Amino acid sequence: MTYTSAGVASRVGRLDGDTVLDVGFDGDMVAFIEAGAPLADGRAVPGARLLAPLVPRSFRDFLAFEGHLTNAYRNLGREVPPEWYEVPVFYRSMGTTVTGPDTVLPWPSYSRQLDHELELAAVIGRPCRDVAPADALDCVFGYTIWNDMSARDVQRRELPVGMGPAKAKEWDGSNVLGPCIVTPDEIDLATLELEVRVNGERWGGDRVSAMHHSFGDLIAYAAQDQTLLPGEVLGSGTATGGSGLELDRWIQPGDVIEMEAGPIGILRNTVGPPNAVPTNERKDN
């Protein structure tokens, strides 16, 4: 995990129960992963606050849960294309859009319908290219929770163009990671369950084993003729019931979103107020 404390901008640490221990590394999480995750005997850091566990080199987000896709496409007025069952396609986003646990989530000025998306994310741990699905998980440093925030009204306008998503998924603070990264030896993907709660009420979730395309499939597809680097993040896509779009229920300013995934813990954030609307905003926004 990455933390901050009094007089410290950000440091790499590890969690021992509820105690944050500094790992003794002078660099960020991506550099730490590249260096082979050298752990020193850590000192306890009183008053530490968790940040996003890393600023990714990039985000790749997939659509691996059939239940989510079926629900979401129905509410978007679309049918699931047969190609989805064959190809684990993804879109890209900027790592600089990341925010972490216990932050207020920005509501972009150009949207009137904000949504959350419950995902599991794999963090690449070593360079890999042209890797077989059966071997791809060996390239993973660890897993974290990803709340892929979405401007649904904007997404409806962008989808017919056939590119993107673009501004429907990308603004400062639109990609929420945390609260920490858990290494593969501490997670069982076959039994791991994902859950999202809004103001304490369960809205949805699913087992990772329900993914139609496995993380091995996702990594292998992205790594065809392209080297994936340490610190790149690949998302599972939204778990079934993990978004308001599927339920026609919509988060509001002040709502508290909690996403939980076994040993990774709880990623908790509060929805912020809508940002000021620019004077040149289109009327159909």
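None of the values given here were measured: they were computed from a predicted structure.
- Within the 3.5 Å criterion, the main-chain N or O of N275 finds no donor-acceptor partner in the side chain of S109.
- E195 places no side-chain N or O within 3.5 Å of a backbone atom of M259 that could act as its donor or acceptor partner.
- For an aromatic pair to be called close, the ring centres must be under 6.0 Å apart, and F62 with Y91 fails this.
- With no hydrogens or angles considered, a side-chain donor-acceptor pair links T240 and D206 at under 3.5 Å.
- Judged purely by atom type and a 3.5 angstrom limit, T2 uses its side chain to pair as donor or acceptor with the backbone of P53.
- Using a 4.0 Å cut-off between charged nitrogen and carboxylate oxygen, R126 and E34 do not count as a salt-bridge pair.
- Residues P274 and P253 have side chains in contact (heavy-atom distance under 4.5 Å, counting atoms from C-beta outward).
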Stepwise side chain to side chain contact (heavy atoms under 4.5 Å, CB included) check, L177 with L54 = CA-CA 8 Å; L177 296 180; L54 79 166; 3.9 Å; yes
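- Rounding to the nearest 0.5 Å places NE2 of H68 at 3.5 Å from OG1 of T238.
- Using modelled atom types, one side-chain atom of W84 and one backbone atom of L63 make a donor-acceptor pair closer than 3.5 Å.
- In this structure, E232 contributes its side chain and L229 its backbone to a donor-acceptor pair below 3.5 Å.
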Side chain to side chain contact (heavy atoms under 4.5 Å, CB included) between M94 and S58: does it pass, once the steps are laid out?
-> CA-CA 5 Å; M94 298 287 293; S58 72; over 6 Å; no
Would E258 and L267 count as a side chain to side chain contact (heavy atoms under 4.5 Å, CB included) if you check the C-alpha gap in whole Å, the side-chain angles of each, and the deciding distance to 0.1 Å?
-> CA-CA 6 Å; E258 293 178 307; L267 176 61; over 6 Å; no
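- Looking only at distances, no side-chain donor or acceptor of D255 sits under 3.5 Å from a matching main-chain atom of I251.
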Can Q224 and R129 be said to form a side chain to side chain contact (heavy atoms under 4.5 Å, CB included), step by step?
-> CA-CA 6 Å; Q224 292 180 89; R129 171 181 162 149; over 6 Å; no
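- When the shell of 6.0 Å around CG of D188 is examined, it contains more than 12 heavy atoms from other residues, nucleotides or ligands.
- Side-chain contact, S214 with D217: a donor N or O sits under 3.5 Å from an acceptor N or O.
- Counting only distance, with no hydrogens or angles, the side chain of D135 and the backbone of A132 share no donor-acceptor pair below 3.5 Å.
- Note on R11 versus D26: salt bridge recorded, some NZ/NE/NH1/NH2 to OD/OE distance being below 4.0 Å.
- Here the side chains of K167 and Y110 are in contact, with some heavy-atom distance below 4.5 Å.
- Within 6.0 Å of CD on Q226 lie more than 12 heavy atoms contributed by other residues, nucleotides or ligands.
- In terms of heavy-atom proximity, A222 sits nearest to L234 at CB-CD2, 4.2 Å.
- A salt bridge does not link R92 with E170: none of the charged nitrogens is closer than 4.0 Å to a carboxylate oxygen.
- If you check the side chains of D153 and Q113, you find no donor sitting under 3.5 Å from an acceptor.
- Put simply, OG1 on T183 and CZ on R14 are 11.0 Å apart, with the number rounded to the nearest 0.5 Å.
- Residue Y143 is tested with L192, V208, L189 for a side chain to side chain contact (heavy atoms under 4.5 Å, CB included); the sole match is L189.
- Heavy-atom neighbours of R74 CZ from other residues, nucleotides or ligands within 6.0 Å: above the threshold of 12.
- A single hydrophobic cluster is not seen to contain both I257 and L51; linkage of ILVMFWY side chains at heavy-atom distances under 4.5 Å, directly or through other members, places them apart.
- Using a cut-off of 4.0 Å between Lys/Arg side-chain N and Asp/Glu carboxylate O, E117 and R152 are scored as salt-bridged.
- V271 is listed as a side-chain neighbour of W107, based on a closest heavy-atom distance under 4.5 Å.
- A salt bridge is defined here as a Lys NZ or Arg NE, NH1 or NH2 lying under 4.0 Å from an Asp or Glu carboxylate O, and R249 with E201 meets this definition.
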